[in-house]
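Notes follow once the structure below has been shown.
Lettering of chains follows the sequences in order, A, B, ..., and the numbering in each one begins at 1.
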Protein chains: 2
Amino acid sequence: MGTTKSEMFTKHQNEIATIIKALGHPARIAILEYLMKIDSCICSDIVDELPLAQPTISQHLKELKKTNLIKGTVEGTSICYCIDENGIEKLERYFSSIANQLNEKKKNNCC
Amino acid sequence: MGTTKSEMFTKHQNEIATIIKALGHPARIAILEYLMKIDSCICSDIVDELPLAQPTISQHLKELKKTNLIKGTVEGTSICYCIDENGIEKLERYFSSIANQLNEKKKNNCC
DNA sequence: AAATTATATTGCAATATTACGATTAAAATA
DNA sequence: TATTTTAATCGTAATATTGCAATATAATTT
């Protein structure tokens, strides 16, 4: 108990849920939006930007990286982060596909 | 500790994170996809469709309903569920906006 | 080499989530 | 009204997540 029963679902369902879950936290949304706002990659000022302790931010960055939502390259003492299109585009495609299908069969709505 | 520090983030960041989080579980993705597959609303067979106990499914449905990802109307003894465009479209807009912005400034990528 | 700077890791406390058995609630039917 | 059917709620165990202080690591600068 307490553990998600992943074996019960398809590989794709688990994959997409994992990526979505990684963005399901305001701090990680804030990180994504900060990376968007800045016109380039940022090196080493995420910690100053967010109201969380450094280890906490490091943890959130790790999760975003693990799911290909951001990517980082070592740049001397600091790390240069930017958005990874890979993850974002997967989400974009997933939701626009669902939205499109919804529009096509609007007729059948009974609720 | 243990609690997300929501006060630290904007209202919109918290709202979008809450909706996204609600879909960040394979069972809830499976529910969404089942509702998509069926061409109309479904009344009372979600429990037979998913490999989880009835109280667990009820709990997942509650979370999806809370975030406007599905909606349900009482239909006699059972409840008729279908996808709520409200939540889905919010997600669709959010991610396509980010994907668009990303395409526009592809030039600046340094990672 | 010592000090500095930036990030990661460890360990842990507080809280949240997941799952389900047991029970309850509410409507339909016998 | 008693029974059946369907879904919600309660209570609880197992596990996961969040957040941070302390510490470690790794590259840079003095």
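- Residue-level contact check: Leu52(B) touches the backbone only, with heavy atoms under 4.0 Å from sugar-phosphate atoms and none from bases.
- Distances shown here put a side-chain N or O of His25(A) below 4.0 Å from the OP1 or OP2 atom of dG19(D).
- Of the inter-residue distances, the one linking Leu91(B) atom CG with Asn86(B) atom CG reads 11.0 Å to the nearest 0.5 angstrom.
- Taking 4.5 Å as the limit, every side-chain heavy atom of Leu64(B) sits out of range of all side-chain heavy atoms of Leu32(B).
- Take the nearest nucleotide of DNA chain C for Gly2(A) and for Thr3(B): the residue whose nucleotide is more 5' is Thr3(B).
- The backbone N or O of Ala22(A) sits less than 3.5 Å from a side-chain atom of Arg28(A), completing a donor-acceptor pair.
- Taking atom OH of residue Tyr81(A) and atom P of nucleotide dA6(C), one finds them 14 Å apart after rounding to whole Å.
- Phosphate contact (OP1/OP2 of dT17(D), side-chain N/O of Lys21(B), threshold under 4.0 Å): absent.
- Put simply, CD1 on Ile31(B) is 11 Å from P on dT18(C), counting in whole angstrom units.
- Between Glu63(A) and Pro55(B), the residue whose closest nucleotide on DNA chain D is further toward the 5' end is Pro55(B).
- Between Ile57(A) atom CD1 and dT18(D) atom C1' the separation is 13 Å, expressed in whole Å.
- In this structure, Ser58(A) does not reach the dT7(C) phosphate: none of its side-chain N or O atoms is under 4.0 Å from OP1 or OP2.
- Distance NZ (Lys62(B)) to C1' (dC10(D)): 10 Å, rounded to an integer number of Å.
- Lys90(B) and Ile16(B) make their closest contact through O-CD1, 4.4 Å (heavy atoms, listed as atom of the first residue, atom of the second, distance).
- For the pair Leu61(B) and Pro51(A), both in contact range of DNA chain D, the more 5′-proximal nearest nucleotide belongs to Leu61(B).
- Dashed line: the shortest gap from a side-chain N or O of Lys5(B) to OP1 or OP2 of dC20(D) is under 4.0 Å.
- Contact of Gln54(A) with dA8(C) (side chain to base): a donor-acceptor pair of N or O atoms is detected under 3.5 Å.
- Checked by atom type and distance alone, the side chain of Asp84(B) never pairs as donor or acceptor with a backbone atom of Lys71(B) at under 3.5 Å.
- The side chain of His60(A) contributes an N or O atom lying less than 4.0 Å from OP1 or OP2 of dG19(D).
- Across the protein-nucleic acid pair, Glu49(B) atom CD and dA7(D) atom P stand 13 Å apart, rounded to whole Å.
- Nucleotide dT7(C) holds its C1' atom 15 Å from the CG atom of Leu50(A), rounded to whole Å.
- Atom CD1 of Ile79(B) is separated from atom P of dA26(C) by 12 Å (rounded to the nearest Å).
- Relative to the side chain of Thr56(B), the nucleotides dA19(C), dT18(C), dG19(D) differ in distance, and dA19(C) lies closest.
- Side-chain proximity of Lys65(A) to the nucleotides dA8(D), dA8(C), dG19(D) is greatest for dA8(C).
- Residue-to-nucleotide contacts include no donor-acceptor pair under 3.5 Å from the side chain of Gln59(B) to the base of dA8(D).
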